[in-house]
Amino acid sequence: MEKVRTEPADPADRARERRLTDQHGRRVHVGELLWRYVLLLAVLALTVGPFLWQLSTSLKGPTEDIYSSPPSFLPGHPTLHNYTRVADTIPVWDYALNSLKVAAANVVTNCVGSALAGYALARLRYRGRGATTLVFVLAMLVPVEGIVIAQFTTMRELGLNNTLIGVVLPGAIGAMNVLLMRNAFRNLPYEIEEAAYVDGANVWQRFRRIALPSVKGTLAVVAIFAFMGAWDDFLWPLIVLSDPSKFTLTIGLNYLHGTFANDERLVAAGTVIAVAPLIALFACLQRYFFRGVGEGAVKG
């Protein structure tokens with residue numbers, strides 16, 4: 001005899017039951033739910049807490065004690081004077097413009113190059129495709145510090161030392177981005193492209209009109225990773241650049257740590273200036289980012 005599940009008559013009981021079940025319909029105990037929230041709050045404090053502390057420090061005036069015990073999280077008299085002092089101390093906006101040029105070029109080259117390479121690895125049939133994929137996988141295992149001397153020598157032989165092009169070229173196409181695009185293209189049904197092939201579409205038309213619009217989420221992931229990698233990079237620009245007028249923001253902010261090491265307010269303001277574009281980029285592309293993580297998931 002089939003058992004019939006009875007629903008609670010009281011709407012409040014039904015709402016309470018829905019709140020205490022997970023996405024799969026399994027019942028969750030109150031203690032387990034509280035433990036999950038405690039872990040989430042702990043992770044949130046570890047990840048977002050340092051940035052919020054830097055933001056608070058950057059807004060504190062010179063009369064406020066940033067080393068008070070217990071520490072005061074909220075500034076008593078918020079001020080933007082520290083940001084003005086950063087601009088007066090170093091040409092921070094020129095450095096930011098250089099970083100923006102490098103990051104934008106890195107995003108364009110990675111999105112275009114990774115999409116083309118990923119489509120070729122996932123959709124085109126040719127001899128050596130498996131070996132080529134293995135090369136990209138092995139490239140991810142090579143540490144950057146192990147090839148930085150070879151990269152510097154190459155840039156010097158090409159006459160690109162002390163140029164922003166020399167900063168962009170080594171990271172123009174990332175191996176991880178290529179594999180992300182490859183896995184995203186592999187998840188697309190072959191029947192769609194086969195129908196386009198029957199209608200007379202060539203490889204370029206199938207790539208541009210069918211495959212590429214279907215992986216916009218993964219392209220957003222690649223764009224975010226490329227921008228963050230170029231914007232936050234410190235070691236390679238420090239090695240290849242020697243003209244202060246071409247310094248990127250990460251190198252320029254190092255002057256604040258060296259000359260004004262005791263002025264934590266100035267350092268905090270420079271840190272917030274460097275992080276703000278990353279937050280803005282992620283806020284604009286977060287919808288595509290979370291969708292793209294699923295598109296480019298690695299499958300066995």
Side-chain angles (χ1 to χ4, degrees), residues 23 47-48 96-97 99-126 129-130 132-137 139-140 164-165 167-233 249 274-300:
Q23 66 272 23
T47 54
V48 183
L97 180 60
S99 291
L100 184 61
K101 293 177 181 178
V102 172
N106 207 32
V107 168
V108 172
T109 55
N110 270 278
C111 287
V112 174
S114 299
L116 292 173
Y119 184 82
L121 293 175
R123 293 300 194 178
L124 303 185
R125 301 182 181 277
Y126 54 91
R129 185 176 66 171
T132 306
T133 304
L134 181 61
V135 169
F136 282 100
V137 174
M140 296 178 58
L164 295 181
I165 297 179
V167 179
V168 173
L169 279 182
I173 301 178
M176 183 183 69
N177 295 331
V178 173
L179 295 178
L180 281 175
M181 296 303 303
R182 169 187 175 271
N183 291 325
F185 284 125
R186 287 192 64 184
N187 292 337
L188 299 180
Y190 279 94
E191 291 77 8
I192 300 178
E193 286 197 57
E194 290 176 353
Y197 178 78
V198 172
D199 292 338
N202 55 30
V203 175
W204 174 250
Q205 291 172 332
R206 298 198 302 269
F207 166 75
R208 186 168 58 88
R209 298 182 180 179
I210 298 177
L212 195 59
S214 302
V215 294
K216 291 180 180 179
T218 307
L219 274 178
V221 174
V222 171
I224 291 176
F225 285 167
F227 190 94
M228 291 179 59
W231 187 271
D232 292 337
D233 193 13
L249 187 59
V275 176
L278 300 179
I279 298 177
L281 177 69
F282 185 79
C284 295
L285 299 179
Q286 61 174 337
R287 179 164 59 105
Y288 301 100
F289 177 82
F290 291 110
R291 187 179 70 184
V293 171
E295 289 177 356
V298 178
K299 290 188 175 182

Exercise for the section: Mind checking the CD1-CZ spacing from Ile210 to Arg206? Nearest 0.5 Å is all I need. Expected result: 7.5 Å
Practice task
Specify the closest pair of heavy atoms between Thr109 and Ala172, including all atoms of both residues, with the distance to one decimal.
Solution key: OG1-O, 2.9 Å
Fill in the blank from the handout: Between the OG atom in Ser214 and the CG atom in Asn187, the distance rounded to the nearest 0.5 Å is 11.0 Å
Problem - Mutual orientation of the aromatic rings belonging to Tyr119 and Phe185 [parallel < 30°, tilted 30-60°, perpendicular > 60°] - result: perpendicular
Problem - side chain to side chain donor-acceptor pair (under 3.5 Å) partners of Asn106, counting only residues at least two apart - result: Asn110
Practice task
Would you give the length of the straight line joining atom CZ of Phe136 to atom CG of Leu179, rounded to the nearest 0.5 angstrom?
Solution key: 7.5 Å
Exercise for the section: May I ask you to establish whether Arg123 and Tyr190 are in a cation-pi arrangement, using a distance under 6.0 Å from NZ or CZ to the six-membered ring centre and at most 45° from the ring axis? Expected result: yes
Exercise for the section: Could you tell me whether a side-chain N or O of Ser114 sits under 3.5 Å from a main-chain N or O of Met181, the two making a donor and an acceptor? Expected result: no
Exercise for the section: Measure across Met140 and Ala175 and return the closest heavy-atom pair with its distance rounded to 0.1 Å. Expected result: CG-CB, 3.7 Å
Fill in the blank from the handout: Here the gap from Leu180 atom CG to Arg182 atom CZ, rounded to the nearest 0.5 Å, amounts to 11.0 Å
Fill in the blank from the handout: Between Ala223 and Val107, the two heavy atoms sitting closest are O-CG2, 3.6 Å
Exercise for the section: Taking all non-hydrogen atoms of both residues into account, name the closest pair between Leu249 and Ala96 and its distance. Expected result: CD1-N, 4.1 Å
Practice task
Would you please classify the geometry between the Phe227 ring and the Trp231 ring as parallel, tilted or perpendicular, with 30° and 60° separating the classes?
Solution key: parallel
Problem - CG-OH distance between Leu124 and Tyr126, expressed to the nearest 0.5 angstrom - result: 7.0 Å
Completion exercise
d(Asn183 CG, Leu121 CG) to nearest 0.5 Å is 10.0 Å
Fill in the blank from the handout: Which of Leu219, Asn177, Leu116 passes side-chain contact (heavy atoms from CB on, under 4.5 Å) with Cys111? Answer is Leu219
